[in-house]
Amino acid sequence: MSVLTADDLGATRRTRARRALLAGSVGNFVEWYEFGAYGCFATVIAAEFFGGGTGSGTEGLIKTYASFALAFFFRPVGAALFGRVGDRLGRRPALVLALLLMTVATTAIGLLPTRATLGAAAPWVLTLVRVLQGLSAGGEFGGAVSLMTESAPRGKRGLYGAWQSFTVALGLLAGTGLAAGAATILGERALYDWGWRVPFLLALPLGLAALWLRLRLDETAPVRGRADPAPVAAPGEVLRAVALGIGRIMGWSAAGYTFLVVLPGYLQHTLGTTFREALTATFLADLGFALSILPAGALSDRVGRRPVMATGAGLVALLAFPLLRAVQGGGTPPVVRGLAVLLAGAVVGLMAGPGPAMLAEMFPARVRCTGLGLAYSLANAVFSGCAGLIVTELVDRTADADIPAYYAMATCAVSAATLLTLRADDHRRALRD
């Protein structure tokens with residue numbers, strides 16, 4: 001009979017941690033790949049599903065973002081449903097179920113008949129599929145972040161949690177990059193006829209690969225039975241933590257979607273840029289976001305979540321207006337505009353890197369999936385899902401092209417103040433049982 005040495009046990013733990021990190025983050029990639037593609041093709045989807053009536057192009061875009069927002073309001077429902085599964089039956093079954101639903105719903109978008117074929121029912125069918133995506137996305141975050149932070153080696157919880165945000169950035173980059181490639185290679189007619197479907201159909205093989213990884217996962221939290229006598233966190237305590245979590249990440253949610261998802265539609269509709277130019281700017285913003293996330297998560301393991309995240313929120317509040325003005329300026333050199341959107345994405349990454357670990361540290365294991373999933377999904381429902389709707393509607397009503405800056409500044413100012421309530425040593429404490 002062989003005996004495992006300390007080195008063998010350490011190697012096994014490291015292998016399990018890496019496997020959990022990969023399986024947890026790959027589902028986020030699929031989810032946000034789709035959201036990036038949907039954001040980039042917002043004007044195309046508006047024409048194909050919400051056009052054809054008496055409304056203006058603005059009305060069609062607003063309806064597209066309304067469908068986008070509706071899906072976000074089903075995220076808290078998904079967070080509660082899948083979070084309950086994750087907290088009672090284990091992280092793995094919750095993550096497998098969420099991934100299956102996301103893959104089916106995303107692939108379905110690529111197969112849906114447009115208004116020209118299905119008539120007035122087309123936008124309703126699209127909205128129903130987006131609702132299913134919202135349910136799955138709500139369950140994805142809580143399970144994935146719980147899995148990754150619970151698997152993290154000592155002193156690397158911020159870095160492991162940052163992989164959730166990093167794969168969000170990779171998914172956005174992939175969705176944006178594929179959309180930009182389609183816009184470059186295909187003509188406008190082919191893009192509207194069938195080219196926009198390709199990114200959504202590619203979610204099927206991506207989702208199957210992610211499913212294979214998740215089925216091989218080891219569980220990170222004990223499965224709780226009905227007869228388990230261990231204490232459960234008081235509902236009032238959980239709700240207070242959820243509300244505080246929303247305040248701490250609302251700036252991340254609002255600024256992230258404003259700069260990374262809503263930007264293509266804003267640049268085309270408000271500033272009159274071409275589809276290709278808008279996607280290039282968005283790609284640079286996503287790139288800046290991706291480059292800063294992992295360093296920010298690792299830095300938070302050294303100095304704490306509070307200084308890194310508060311700095312990111314403060315920088316957005318201070319820089320949103322001048323950065324947007326640099327993008328708006330017709331005489332601004334292209335290099336300067338590119339650097340402006342790159343920097344905008346990077347400062348959002350300072351919040352997104354430590355954010356998942358910060359949320360995981362707020363909840364005990366028994367309610368971690370549900371609690372952090374609700375905080376994240378509610379913040380996203382209000383401040384992310386509504387970003388495109390709010391920005392487009394207010395710009396149309398006020399003719400003020402600076403609305404995106406005001407929106408990001410206001411939400412990040414609130415987050416910066418709320419983040420100051422974090423304890424300085426949270427990153428050094430063990431996760432609560």
Side-chain angles (χ1 to χ4, degrees), residues 25 28-29 31-33 35-40 42 162-180 249-268 271 273 276-300 308-329 332 334-356 380 383-384 387-388 391 404-405 407-409 411-412 415-416:
S25 57
N28 295 309
F29 175 87
E31 174 193 341
W32 292 91
Y33 159 82
F35 275 93
Y38 192 90
C40 288
W163 274 90
Q164 189 278 336
S165 297
F166 183 62
T167 47
V168 167
L170 292 182
L172 289 172
L173 279 169
T176 305
L178 197 60
I249 67 170
M250 62 185 286
W252 164 21
S253 299
Y257 265 73
T258 300
F259 295 145
L260 304 175
V261 178
V262 178
L263 187 62
Y266 168 79
L267 291 175
Q268 293 171 77
L271 302 185
T273 63
R276 188 181 304 175
E277 290 170 341
L279 291 184
T280 300
T282 307
F283 183 84
L284 289 173
D286 290 340
L287 180 61
F289 182 58
L291 290 175
S292 67
I293 288 171
L294 293 182
L299 180 62
S300 76
V308 181
M309 294 187 70
T311 296
L315 284 174
V316 172
L318 290 173
L319 298 177
F321 189 78
L323 288 175
L324 187 65
R325 280 298 174 92
V327 175
Q328 292 170 343
T332 306
V335 173
V336 175
R337 287 202 298 270
L339 289 174
V341 293
L342 188 76
L343 180 59
V347 293
V348 175
L350 294 179
M351 295 180 282
N380 274 264
F383 301 105
S384 295
V391 168
Y407 183 62
M409 289 165 63
T411 51
C412 282
S415 273

Looking at [X] and [Y], what are the two nearest heavy atoms and their distance?
{"X": "Gly355", "Y": "Met309", "answer": "CA-CE, 3.7 Å"}
{"X": "Ala169", "Y": "Phe289", "answer": "CB-CD2, 3.4 Å"}
{"X": "Ile293", "Y": "Ala352", "answer": "CG1-CB, 4.5 Å"}
{"X": "Ala317", "Y": "Cys412", "answer": "N-CB, 4.2 Å"}
{"X": "Pro354", "Y": "Leu350", "answer": "CD-O, 3.1 Å"}
{"X": "Leu173", "Y": "Ala290", "answer": "CD1-CB, 3.9 Å"}

Kindly compute the distance separating [atom1] ([X]) from [atom2] ([Y]), expressed to the nearest 0.5 Å.
{"X": "Leu323", "Y": "Leu339", "atom1": "CG", "atom2": "CG", "answer": "10.5 Å"}
{"X": "Tyr257", "Y": "Phe383", "atom1": "OH", "atom2": "CZ", "answer": "14.5 Å"}
{"X": "Ser292", "Y": "Leu342", "atom1": "OG", "atom2": "CG", "answer": "9.0 Å"}
{"X": "Asp286", "Y": "Leu291", "atom1": "CG", "atom2": "CG", "answer": "11.0 Å"}

**Residue among Val308, Val316, Ile249 satisfying side chain to side chain contact (heavy atoms under 4.5 Å, CB included) with Met351** = Val316
**Item:** Tyr33 and Phe29 aromatic ring geometry - parallel, tilted or perpendicular at 30°/60° bounds
**Value:**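 If you compare the ring of Phe29 with that of Tyr33, the planes turn out parallel.
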